[in-house]
Amino acid sequence: MASGAGIFFDGMTSTRHDVAVEAAPDALRVRSADGTLLAEWPYAELRAGSAPGGVLRLIRNGNPVLARLEVRDPELIAAIDHLADTLDQSGRTERRNRKKVVAWSFAATVSLVLVAIFGVPALVERLAPLIPMSVEHRLGLAVEAQVRAMLDTGDRGGQPFECGLADAEKPGRAALDKIISLLEGTAGLPIPLKVVAVRRTEANAIALPGGHIYVFQGLIAKAETADELAGVIAHEIGHVAHRDGTRSVLQAAGLSFLFGMLLGDFTGGGLVVIAAKTVVESAYAREVEAGADLYGVHLVSKAGGDGRALGSMLERIAGTIEPGIKILLDHPQTQQRIAAINAAAGPPQGKALLEPAEWAALKRICG
Amino acid sequence: MTVIDPAAPVAPTGMSARMPVLGGANVPAVRFTGDAGAYWRLLIRGAMRLAITLGIYRFWLATDIRRYLWSHTEVRGDSLEYTGTATELLIGFLIAIAVIIPINLAFFVAALSLGSFGEAVSVLAFPLLAFLGQYAVYRARRYRLTRTVLRGVRFYQDGSAWHYAVCAVFWWMMIALTVGLAYPFAKSRLERFKMRHTHYGTLPGRFEGSGVRLLLRGLPMWILTVGPLLFAAVFAIVTVDWTLMVEAVMREGGDFASRIESVAPGFYAAIVVAIVAAIVSVAMAVVLFPVFQAMVMRWWISGLRFGELSVRSHLRTGQIYGAYARFLLYGLLFLIGALVLAAAGAAALYLFAGSLSQSELTEIVWAGAGILFYVIVMLGFSTIYQATVKLSLWRYGAESCELQGLAALDQVKAAGAPSSAVGEGLADALNVGGF
Ligand SMILES: [Zn+2]
């Protein structure tokens with residue numbers, strides 16, 4: 001029977017007891033220097049606590065107090081380890097458990113990523129139509145305030161952010177209103193549109209939830225005909241009709257929740273969260289854009305304009321688009337989009353949406 | 001059976017430093033016995049597992065790290081024991097998200113309902129989360145203390161976490177309002193609160209660090225870092241005529257710059273002064289941060305008391321500088337290595353992606369590679385930081401301790417019960433670490 005020295009803490013006080021440890025075949029016995037039996041622990045109930053190398057810190061399972069027995073004699077440690085099956089001195093059980101943890105966590109990660117890529121869009125697809133227009137309207141107001149603050153950098157030499165307010169710009173605003181009422185009348189949307197031209201140099205336009213559409217000054221400058229501009233606005237109306245803004249808000253919320261839960265970051269501000277969201281979002285933004293293109297082409301054609309104009313507009317601005325702000329031209333495959341647009345558009349009707357004078361006024365809407 | 005001779009030394013051979021002679025000033029009362037290599041291995045393995053589990057493994061890694069640090073820290077020859085488990089942390093986190101999800105949802109919905117209610121809610125959101133964060137910090141400390149066992153007796157903490165959160169939020173606001181001058185008082189008040197409610201068994205803890213003393217020691221550093229900014233502000237107020245300035249800004253027409261130049265010739269000088277001040281201030285903050293950290297740590301450790309037991313810290317500032325120097329060196333080497341590997345990977349990917357016809361697939365592949373690179377770099381830096389700065393703070397902090405009245409530790413009766421890990425979970429979910 002192996003035996004040796006040990007240090008025993010009875011769990012009642014912090015007093016250190018220098019003890020003799022007997023690794024008897026039936027149980028581990030701890031005796032004080034004068035031979036009093038301090039503890040008798042069955043091997044089946046032994047567990048090792050975390051301890052520095054070379055020290056075996058024994059704990060009895062189910063013990064109501066924190067009694068500890070420390071053994072440093074390597075031979076005694078080996079003897080106890082041999083007798084107690086539950087004791088995991090080699091760490092094999094611990095390693096096996098840990099592998100299980102890693103494997104299942106990995107599986108959970110994979111399934112959450114799959115939910116993010118396939119599950120969230122599918123869920124949003126079902127949920128978006130259920131959201132009442134009044135909620136979308138409020139959402140639009142909240143988003144608009146933020147988007148406006150983001151876009152309005154304030155560096156315009158004293159001019160207001162919105163175009164068409166000054167007297168000289170009023171005819172341009174009237175021409176824009178004409179295009180919009182034409183398109184809106186044809187579209188028959190459940191909510192009224194609020195379209196504004198704003199002073200931003202990018203050739204771009206954005207649709208927000210709740211029927212807000214921002215047309216950038218740079219886009220009006222790039223457009224050569226009223227139909228081209230109408231094509232882009234009709235594309236944005238497509239986003240409004242399909243409620244894509246609401247969808248993307250729902251999607252962003254769902255994704256930051258999913259990735260945030262994994263990464264323990266609920267504010268969703270972590271770069272990984274943002275990057276992961278961007279990848280997933282851009283994967284299904286394609287379909288959304290294609291849908292808006294199709295809607296826009298049909299809308300312009302129905303309103304009496306040239307559906308192909310959207311394609312020629314896309315082609316012109318494709319080379320100059322700046323990365324960063326996501327909108328009309330989110331993705332590089334412009335040629336595919338143009339082909340789809342041309343296939344969907346009927347033959348040109350030869351009738352422009354605006355008179356040449358009106359178009360000239362619209363080109364000057366931002367002064 | 002071997003009969004032990006009571007007179008013989010108990011420590012087995014080879015463990016000569018196990019029982020420091022009482023009163024022997026040369027033997028350190030607190031020792032750190034860990035070795036950096038094992039700690040590096042633990043961290044690197046953990047980082048790899050974190051990467052493939054997108055962070056789920058963090059509960060296990062945190063537990064491993066604590067087990068390692070605790071068990072390799074000896075107080076008078078007896079090592080600490082961390083009895084917490086990863087499962088407890090995971091459950092704490094799950095409870096925390098059950099609490100936080102409804103709160104976040106409520107904020108989201110409230111922010112949509114505009115008007116005064118929505119505004120009030122979005123104004124309230126930040127202090128409320130700050131408050132919850134401080135609550136979490138206190139509860140997390142309770143968890144860690146009740147999982148810390150020394151000589152068969154656990155530490156524990158009582159006191160109301162809500163009460164602590166109110167005090168903490170108040171003091172952090174004071175710190176903000178006084179540009180940091182209130183920090184020593186905040187620190188001493190909050191430490192007093194924490195230590196007053198900290199117990200080792202029946203031995204009550206307390207804190208005796210003086211806020212005034214910390215303020216006096218830190219004042220030169222405060223002047224060097226905040227001083228330039230204050231000077232720039234005063235300079236701007238004195239040299240620029242602000243009423244004329246506001247008029248000039250409001251007036252329409254003409255070149256903005258020349259309008260301002262005409263009314264306030266000192267304006268550009270003030271801007272230059274402000275930029276220089278900001279640069280000096282940031283440089284000072286970077287250079288002095290280790291000094292500050294060492295000073296606060298020395299002051300904090302020296303203020304700790306448990307009954308008759310008192311602590312004095314002889315932490316040297318140079319040790320903290322050394323830790324940061326190692327962090328910068330290893331970080332730089334790691335970054336160079338990572339960039340070289342990334343360049344090689346990008347070249348390989350370019351050749352491979354060139355053969356892909358679908359442009360969207362290429363885009364996703366590139367974005368995925370970018371995320372992977374980012375994750376590796378962030379995990380690498382966090383690992384290096386843990387293995388250099390964090391480990392050094394722990395090791396040097398522990399080794400710098402000189403204990404007086406050690407006999408107080410000998411007759412402590414066990415008390416206290418383990419607490420739940422909800423605080424840890426909340427702190428994790430709210431991103432408020434803290435020790
Ligand atoms: Zn679009």
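Being a predicted model, the structure only gives us computed values, none of them experimental. Protein chains get the first letters and strands the later ones, always in sequence-line order, with residue 1 at the start of each.
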Counting C-beta onward and ignoring hydrogens, is there a side-chain heavy-atom pair between Arg68(A) and Asp78(B) closer than 4.5 Å?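 No, side chains not in contact.
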
Next item on the list: Measure the shortest side-chain to side-chain distance between Val149(B) and Phe9(A) over non-hydrogen atoms and say whether it is less than 4.5 angstrom.
Entry: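 In short, these two side chains do not touch, never coming nearer than 4.5 Å.
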
_Can you list everything that forms a ring-ring contact (aromatic ring centres under 6.0 Å, His included) with Phe106(A)? Sequence neighbours excluded, please._
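Residues passing ring-ring contact (aromatic ring centres under 6.0 Å, His included) with Phe106(A): none at all.
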
Where does [X] contact chain A at under 4.5 Å (heavy atoms): side chain, backbone, both or neither?
X: Tyr68(B); result: neither
X: Thr83(B); result: side chain
X: Arg154(B); result: both

Could you check whether atom [atom1] of [X] has more than 12 heavy atoms from other residues, nucleotides or ligands sitting under 6.0 Å from it?
X: Glu40(A); atom1: CD; answer: yes
X: Glu94(A); atom1: CD; answer: yes
X: Met12(A); atom1: CE; answer: no

Does a salt bridge link Arg98(A) with Asp64(B), judged by any charged N lying under 4.0 Å from a carboxylate O?
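Between Asp64(B) and Arg98(A) there is a salt bridge, with a charged N closer than 4.0 Å to a carboxylate O.
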
Donor-acceptor check, side chain of [X] to backbone of [Y], threshold 3.5 angstrom: yes or no?
X: Ser14(A); Y: Val412(B); value: yes
X: Thr15(A); Y: Asp410(B); value: yes
X: Ser71(B); Y: Ser50(A); value: no

Inter-residue atom distance [X].[atom1] - [Y].[atom2], 0.5 Å rounding:
X: Arg49(B); Y: Lys99(A); atom1: CZ; atom2: NZ; answer: 7.5 Å
X: Glu70(A); Y: Glu81(B); atom1: CD; atom2: CD; answer: 8.0 Å
X: Thr109(A); Y: Tyr57(B); atom1: OG1; atom2: OH; answer: 13.5 Å

Side chain to side chain contact (heavy atoms under 4.5 Å, CB included) partners of Ala130(B), counting only residues at least two apart:
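Result, side chain to side chain contact (heavy atoms under 4.5 Å, CB included) vs Ala130(B): none returned.
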
| request: Determine the option with the most heavy-atom pairs under 4.5 angstrom with chain A, choosing from Thr33(B), Leu50(B), Ile52(B). | output: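 Among Thr33(B), Leu50(B), Ile52(B), the one with the most close pairs to chain A is Ile52(B).
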
Item to complete: Search all heavy atoms of Arg57(A) against all heavy atoms of Leu80(B) and return the closest pair with its distance.
Response: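 Heavy atoms only, the tightest pair is NH1-O, 3.4 Å.
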
Please classify the contact between Val102(A) and chain B as side chain, backbone, both or neither, with a heavy-atom cut-off of under 4.5 Å.
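Both parts, backbone and side chain.
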
